[in-house]
Amino acid sequence: KEHGMLKTAYYLPEVRESLEAHKAYKTLHQILTGYIKQKYDEWSKKFDFEPETLLTNKLIIRRGSTKSKMGKILETNFDITLLSIFEEVKYWQKNFSFDIPYRAMDIATKEDKMRIYRENINQVVREYNEIIESLSADEHKLFKERLYRLDKKIAPGIRSLQWQSKNLINLFAEDCRKHCRELKRIVDKFKDGVSVIHSNCKAIAEMLLVEIKQKTVYTYKEFEERQTAHRVKSEAQLKEAHANIVKTMKEIYAVFENDSDDIQREWTKFVYNVEKKIDESLRQTVKKSLQEISKAINGDKKTGEIHALFAVNIELDRSLKDNETKPILTPSIDNLSTLIQDTSKDLIAVIKVVPRLHDALQSEKDKEQKDETNQESEVATTTATATATTTTTTTTDKQQPVRHSFYENIRKDQEIVHVVVKIVSGMQTIDDAIVHYLFRFEQYKSIWSINKDAFIRRFAKKERPLKNYEAEINKYK
């Protein structure tokens, strides 16, 4: 077309180059025309079969997924050969006006309908796969029954329904999407709850159970009062975080409360997994807090700086026998060591306010049962506990070992004990340094051991040269 327009441009002079270009164009045009015709002939000969047979594929197939630990996700099973035919028919008609083979034209008339069917099935596949890939392996077990029910709804699309099933496809897709949305809502609520649990565990892990401001010197009483007040505050924060976790766990469990025994066992495993996260968070906060004390006592490893922590006085101890006196530290290093050790023990004891999640949920369940039944027999209570399984079951008790409290486990943890030992060793090192420091005052013992009034009287009775007075005074410079 563009080449033909050049012929109407009468104002352009004919030159040798234009004639050569025209000749080259004709050659290229013939080559491309032949190539296009060849490709058309090859394409049209492909229709020695009935394209309608490609619509006999099942709507959906399962594929393995590297993203999902569950094994298989869904995939729309629409033959790509049909997609190719739809595009090629449009291409040959629009650009070259070739005659389209009857079979190709017949199947192409169904393109719009197939597009709608395909998009509806794609939505089912996407929504289902979002659910599968959002769940971890353990969570998948927890939702096993719900996923099984959803799979039963989707099963016709995998086993029987074909792309030529016409209106059944839209009905199938609508029903599947309804159940996918319902399960997605439950899963999203579950994941939101898990997120709340993780955020509270993170808040616990980031807490410090001791308050020591950098480059601040405390008196004995100030330090003791500050740590006592901070422990009270920390206990309140731990209780609040744990209460949030218990509340969230109860809300999550409402979904699984009436499920089978298998799901109850999976729920129990989930509870213990959350307990592990709480345990890890408590270990972190205890360890960090003890490390803060260790840093205050032993200095910062990174900078090597050691700052004063306690304000002390050096006084003369006059409580010794035979009117002996000696310089001592007030408060004594023994008292300071006891204070530091008590602070370390007390900060670990703060986590006593956090009970096992298993026990907390059981306690909540027992309260609810009492409110509902007022007074139940011991046998009925035991039965309700075994069947409700908010936190445990008889089967699980056989599977799970006896679990001590978080406090009992953490205070015996090797890493925690190691930090405590470092604190005690640091205080012992300071004690040795203090003894050495106080020994320096022995050279001035005469200042406080001699009766000064008697000495002055004796010194005044004797007539001495002035230089003797000067020598005596210079002794104390």
Side-chain angles (χ1 to χ4, degrees), residues 35-68 70-135 146-184 187:
Y35 177 77
I36 292 171
K37 184 65 169 64
Q38 178 189 347
K39 288 299 177 183
Y40 170 75
D41 291 339
E42 292 175 359
W43 175 73
S44 60
K45 289 178 182 178
K46 292 179 180 178
F47 292 94
D48 56 353
F49 72 101
E50 186 58 56
E52 286 278 348
T53 58
L54 299 177
L55 295 176
T56 59
N57 285 356
K58 302 301 185 290
L59 300 180
I60 300 170
I61 57 174
R62 287 192 180 273
R63 297 283 191 193
S65 171
T66 56
K67 295 181 181 179
S68 174
M70 305 309 94
K72 294 187 177 181
I73 58 175
L74 300 183
E75 184 177 305
T76 303
N77 189 29
F78 193 84
D79 199 306
I80 59 173
T81 303
L82 283 173
L83 296 177
S84 176
I85 292 173
F86 294 153
E87 291 302 314
E88 287 171 337
V89 167
K90 287 189 292 186
Y91 176 82
W92 291 117
Q93 274 188 321
K94 181 177 179 180
N95 295 292
F96 301 103
S97 301
F98 281 105
D99 293 332
I100 305 301
Y102 170 76
R103 289 175 175 174
M105 182 60 74
D106 184 51
I107 196 68
T109 59
K110 301 178 181 180
E111 179 185 3
D112 290 340
K113 187 179 291 186
M114 290 299 111
R115 178 181 55 79
I116 294 172
Y117 290 164
R118 195 169 67 253
E119 184 54 37
N120 285 339
I121 297 302
N122 282 340
Q123 287 179 330
V124 172
V125 168
R126 280 195 296 268
E127 291 176 8
Y128 179 90
N129 290 343
E130 283 179 7
I131 294 172
I132 293 298
E133 294 182 345
S134 67
L135 296 172
R146 284 171 173 77
L147 290 172
Y148 175 74
R149 290 196 289 268
L150 181 58
D151 285 342
K152 287 181 68 175
K153 292 291 180 181
I154 292 175
I158 299 175
R159 298 173 183 170
S160 57
L161 287 178
Q162 302 173 350
W163 292 102
Q164 58 187 6
S165 299
K166 298 183 179 179
N167 293 334
L168 290 177
I169 297 176
N170 289 336
L171 293 175
F172 165 77
E174 184 179 350
D175 186 53
C176 288
R177 291 192 66 199
K178 174 185 174 183
H179 288 86
C180 282
R181 285 193 295 267
E182 182 180 346
L183 182 54
K184 184 68 163 60
V187 170

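Model, not experiment: these values are computed from the prediction.
- One finds the CG atom of Leu83 at 11.0 Å from the CD atom of Glu88 (value rounded to the nearest 0.5 Å).
- Distance CG/Leu171 to CD/Glu174: 6.5 Å, rounded to 0.5 Å.
- Using a cutoff of 4.0 Å between basic side-chain nitrogens and carboxylate oxygens, Glu52 and Arg103 are not scored as salt-bridged.
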For Asp41 and Lys37, what are the C-alpha separation, side-chain angles and deciding distance, and is it a salt bridge (Lys or Arg N to Asp or Glu O under 4.0 Å)?
-> CA-CA 6 Å; Asp41 291 339; Lys37 184 65 169 64; 2.9 Å; yes
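- Met114 is not listed as a side-chain neighbour of Leu82, based on a closest heavy-atom distance of 4.5 Å or more.
- Nearest heavy-atom pair, Leu150 versus Cys176, reported as atom, atom and distance to 0.1 Å: CD1-O, 4.4 Å.
- In this structure a side-chain-to-backbone donor-acceptor pair under 3.5 Å is missing from Ser165 to Leu161.
- Put simply, the side chain of Glu111 reaches to within 4.5 Å of the side chain of Lys90, judged on heavy atoms.
- For the pair Asp175/Lys153, a side-chain contact is recorded, criterion being any heavy-atom separation below 4.5 Å from C-beta on.
- Taking each heavy atom of Ile154 and Phe172 in turn, the nearest pair found is O-CZ, 3.7 Å.
- Expressed to the nearest 0.5 Å, how far CD1 of Ile85 lies from CD of Glu87 amounts to 11.5 Å.
- Using a distance-only test at 3.5 Å, with no hydrogens or angles considered, no donor-acceptor pair links the side chain of Asp79 to the main chain of Leu54.
- For the pair Ile132 and Leu147, the minimum side-chain heavy-atom distance is below 4.5 Å.
- In this structure, OG1 on Thr53 lies 9.0 Å from CD on Gln164, to the nearest 0.5 angstrom.
- Relative orientation of the Phe86 and Phe78 rings is tilted, given thresholds of 30° and 60° on the angle between their planes.
- Separating the CG atom in Leu183 from the NZ atom in Lys178 is a distance of 14.0 Å, to the nearest 0.5 Å.
- Under a 4.0 Å N-O distance rule, the pair Glu127/Arg177 qualifies as a salt bridge.
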What's the verdict on side-chain contact (heavy atoms from CB on, under 4.5 Å) for Ile73 and Glu133, showing C-alpha distance, side-chain angles and the deciding distance?
-> CA-CA 8 Å; Ile73 58 175; Glu133 294 182 345; 3.7 Å; yes
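- Using a 4.5 Å heavy-atom threshold, the side chains of Arg126 and Gln123 count as touching.
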Starting from the C-alpha separation in whole Å, work towards a yes-or-no answer on side-chain contact (heavy atoms from CB on, under 4.5 Å) for Tyr117 and Asp112.
-> CA-CA 9 Å; Tyr117 290 164; Asp112 290 340; over 6 Å; no
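- Within the 4.5 Å cutoff, the side chain of Lys58 has no heavy atoms near those of the Ile158 side chain.
- Contact record, Ile131 with Cys180: CD1-O, 3.5 Å, taken as the closest heavy-atom pair.
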Decide side-chain contact (heavy atoms from CB on, under 4.5 Å) for Arg62 and Leu74; before the verdict, give the C-alpha distance in whole Å, the side-chain angles of both, and the deciding distance to 0.1 Å.
-> CA-CA 5 Å; Arg62 287 192 180 273; Leu74 300 183; 3.6 Å; yes
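- Side-chain contact check for Ile121 versus Ile60: some heavy-atom pair is nearer than 4.5 Å.
- Looking at Trp163, its side chain does come within 3.5 Å of a backbone N or O of Asn77 through a donor-acceptor pair.
- Summarising the geometry, atom CZ belonging to Arg146 is positioned 11.5 Å from atom CG belonging to Leu135; distances are rounded to the nearest 0.5 Å.
- Judged purely by atom type and a 3.5 angstrom limit, Asn129 uses its side chain to pair as donor or acceptor with the backbone of Val125.
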